[in-house]
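We use all heavy atoms of the structure for the numbers below, so side chains are in, but hydrogens, waters and symmetry mates are not. In what follows, chains carry the letters A, B, and so on, assigned in the order in which the sequence lines appear, proteins first and then strands, with residues in each chain numbered from 1. Everything numeric here is computed off the predicted structure, so don't read it as measured data.
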2 protein chains.
Amino acid sequence: MGEPRITERGRATRQRIIEATGQQILAGGIGGTTLDTVRAATLTSKSQLFHYFPGGKAELVREVAVWEGGELLAAQMPFIEDLGSWESWHSWRDALIHYYLGLGRWACPIGSLATQAAMTDPELDAVITASMATWLDALAAGVVKMQANGHVDPSADPRRIAVAILASIQGGLVLSQPQKSSWPLEAALDTALDVLHQSTAPPR
Amino acid sequence: MGEPRITERGRATRQRIIEATGQQILAGGIGGTTLDTVRAATLTSKSQLFHYFPGGKAELVREVAVWEGGELLAAQMPFIEDLGSWESWHSWRDALIHYYLGLGRWACPIGSLATQAAMTDPELDAVITASMATWLDALAAGVVKMQANGHVDPSADPRRIAVAILASIQGGLVLSQPQKSSWPLEAALDTALDVLHQSTAPPR
DNA sequence: CTAGGAATGGACCTTGAAGTCCAATAATGA
DNA sequence: TCATTATTGGACTTCAAGGTCCATTCCTAG
């Protein structure tokens, strides 16, 4: 019972399905995305969807989450791997905003999935959680570097700062959506980054 | 064609439906909430649901949003109307955390609805947006009071600070959900409030 | 006490979307 | 070339969930 060999053509079709589904989920949510609309958008047939995603819609959505997580991280490269200087943080911040801008919609592919389906599908929840954890780790590592370089108070908790920054991104996007503008996101994120500048250890 | 007179009994049933639906949406999202499960939970019949909400599920969800918005605001009373002193902010913060704790799940009834159905239902979107705006206004008014009382730098933009705080709440909840703990929410919110303490005008 | 309207019960209809199945075609490797 | 397997097409089935309808019961005002 070997894995079915997959050809280049098949791989491309599979990828096309994932990306189209990602688009539709971002535009209309999981509920607003049906296998039929995906099929239409990708010029595929029902059997193909289940050929590449035997687990049906649930598996497809999970694969979308995995892929979106990768895209999100890739969009922050190479700065997310540095974050050891103010310039690096600034570049990272710009790259992130630019990524969300490119999506054409003020929403986080990962964050919105988190609120939509965490309780419904435990496996999807695991994917989302892992993606968030990776992201959080990267930010925390950056804070540690800043501390090592003497730019940030060494007594501050890196994970706590990282959480605050990540939360400002997610929350900023929630508020940006109705405003159809990036300003809430930018305001929230920049405010969170100011905290880093001020090198404060939390008083509470 | 006068409005149908509504009796006390009817009003109670209607309210029971709204609250049960709110519970289910919080637990399983809009997609995970069906009229049948609501009917079962409220010991009502299909006809009652449509009797009180002729617009069907969409109208019911909207009414839930309105009600949840009211509850959320009420939970922050009376502090949200003050916010003119550090003690007031602190009490407000505690009341808010306590409210979310009482929900038994780390999610915002309003914020999660925002991500779930903004694009699907414009009318629901309007309700959510209005609720957020009210909340934001209250926080901004508090910041203005703090400035008037000489506790915060008068050159700071109150709405910007309010957005940062609200974003930290929404984002903190997004991160708290997978952790099943309040600490991300508290970390994010407290960090945002620190900014207020430091009376900083945004440098960017 | 009684008529009319509110409240309720529940069977029934309809639709949309997930998922199944089998046949046909294209590619690949021996 | 040819057998095998991946890929594709699309009809068909199933079922959950929203929504309709009408009969029945309960309440209230006059």
Side-chain angles (χ1 to χ4, degrees), chain A residues 1-21 23-25 27-64 116-117 119-121 123-124, chain B residues 1-25 27-65 116-117 119-121 123-124:
Chain A
M1 51 180 296
E3 287 292 296
R5 297 199 325 261
I6 193 165
T7 70
E8 183 53 32
R9 185 174 166 219
R11 199 206 55 76
T13 299
R14 187 189 141 98
Q15 186 58 25
R16 187 154 39 97
I17 294 170
I18 290 178
E19 297 190 16
T21 306
Q23 291 275 343
Q24 295 193 7
I25 288 179
I30 295 180
T33 301
T34 75
L35 296 186
D36 256 349
T37 59
V38 170
R39 191 188 48 65
T42 55
L43 299 177
T44 54
S45 64
K46 222 39 173 319
S47 67
Q48 283 170 295
L49 297 183
F50 283 87
H51 178 69
Y52 294 111
F53 308 96
K57 187 178 183 180
E59 180 179 345
L60 173 54
V61 172
R62 276 197 302 274
E63 291 302 309
V64 168
Q116 281 183 61
M119 60 286 273
T120 305
D121 182 346
E123 294 191 56
L124 176 56
Chain B
M1 52 183 301
E3 287 292 296
R5 299 198 326 261
I6 194 166
T7 68
E8 182 54 33
R9 185 173 166 219
R11 198 207 55 76
T13 299
R14 188 188 140 98
Q15 186 58 27
R16 185 155 41 97
I17 293 170
I18 289 178
E19 297 191 15
T21 306
Q23 292 274 344
Q24 295 193 8
I25 287 180
I30 296 180
T33 302
T34 74
L35 296 185
D36 256 349
T37 58
V38 169
R39 191 189 48 65
T42 54
L43 298 179
T44 54
S45 63
K46 222 43 173 317
S47 66
Q48 282 169 293
L49 298 184
F50 285 86
H51 178 69
Y52 295 111
F53 309 95
K57 188 179 183 180
E59 180 179 345
L60 172 54
V61 172
R62 276 198 301 274
E63 292 302 309
V64 168
Q116 281 184 60
M119 58 286 272
T120 305
D121 182 347
E123 294 192 56
L124 175 57

Hey, what do you get for [atom1] ([X]) to [atom2] ([Y]), rounding to the nearest 0.5 Å?
X: A:Leu43; Y: A:Gln48; atom1: CG; atom2: CD; result: 9.5 Å
X: A:Thr42; Y: A:Ile17; atom1: OG1; atom2: CD1; result: 5.0 Å
X: A:Thr21; Y: A:Glu63; atom1: OG1; atom2: CD; result: 11.0 Å
X: B:Phe50; Y: B:Glu59; atom1: CZ; atom2: CD; result: 10.0 Å

Can you figure out which of D:dT7, C:dG19, D:dG18 approaches the side chain of A:Thr7 most closely?
D:dT7
For the side chain of B:Lys57, counting heavy atoms from C-beta on, which of D:dA6, C:dA6, D:dG19 is nearest?
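When the side chain of B:Lys57 is considered, D:dG19 is the closest of D:dA6, C:dA6, D:dG19.
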Would you say the side chain of B:Thr120 lies within less than 4.5 Å of the side chain of B:Ile30, judging by non-hydrogen atoms?
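Of all side-chain heavy-atom pairs linking B:Thr120 with B:Ile30, none is under 4.5 Å.
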If you take all heavy atoms of [X] and [Y], which pair is closest and at what distance?
X: B:Val64; Y: B:Ile18; answer: CG2-O, 3.6 Å
X: A:Gln116; Y: B:Gln116; answer: CG-CG, 4.4 Å
X: B:Arg16; Y: B:Thr44; answer: NH1-CG2, 4.0 Å
X: A:Lys57; Y: A:Thr33; answer: NZ-O, 2.7 Å

Rounded to the Å, how far apart are [X] [atom1] and [N] [atom2]?
X: A:Gln24; N: C:dA17; atom1: CD; atom2: P; answer: 11 Å
X: B:Asp36; N: C:dC13; atom1: CG; atom2: P; answer: 17 Å
X: B:Leu35; N: C:dG10; atom1: CG; atom2: C1'; answer: 15 Å
X: A:His51; N: C:dT25; atom1: NE2; atom2: C1'; answer: 13 Å

For A:Pro54 and A:Thr34, find the nucleotide of DNA chain C closest to each by heavy atoms; which residue's nucleotide sits nearer the 5' end?
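Residue closer to the 5' terminus by nearest nucleotide: A:Thr34.
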With a 4.0 Å cut-off, would you call A:Glu8 and A:Arg11 a salt bridge?
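Judged by the 4.0 Å cut-off on N to carboxylate O distance, A:Glu8 and A:Arg11 do form a salt bridge.
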What nucleic acid atoms does B:Thr37 come within less than 4.0 Å of, heavy atoms only: base, sugar-phosphate, or nothing?
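Answer is nothing: B:Thr37 stays at 4.0 Å or more from every strand.
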Classify the nucleic acid contact of A:Tyr52 as base, sugar-phosphate or nothing, counting any heavy atom under 4.0 Å across all strands shown.
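Result for A:Tyr52 = sugar-phosphate.
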Identify, residue by residue, the members of residues 39-50 of chain B with a heavy atom below 4.0 Å from DNA chain D, and return them in order of residue number, or none.
B:Lys46, B:Ser47, B:Phe50
By a strict heavy-atom criterion of less than 4.0 Å, which residues belonging to residues 8-21 of chain B are in contact with DNA chain D?
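Going residue by residue through residues 8-21 of chain B, the ones with a heavy atom under 4.0 Å of DNA chain D turn out to be B:Arg9.
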What stems involve DNA chain C, if each pair must be Watson-Crick or G-U and both of its distances must be under 3.5 Å, with 3 or more such pairs in a row?
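Stem segments, range with range: C:1-30 with D:1-30.
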Taking atom types as modelled, find out whether A:Thr37 and A:Gln24 have a side-chain donor-acceptor pair closer than 3.5 angstrom.
yes
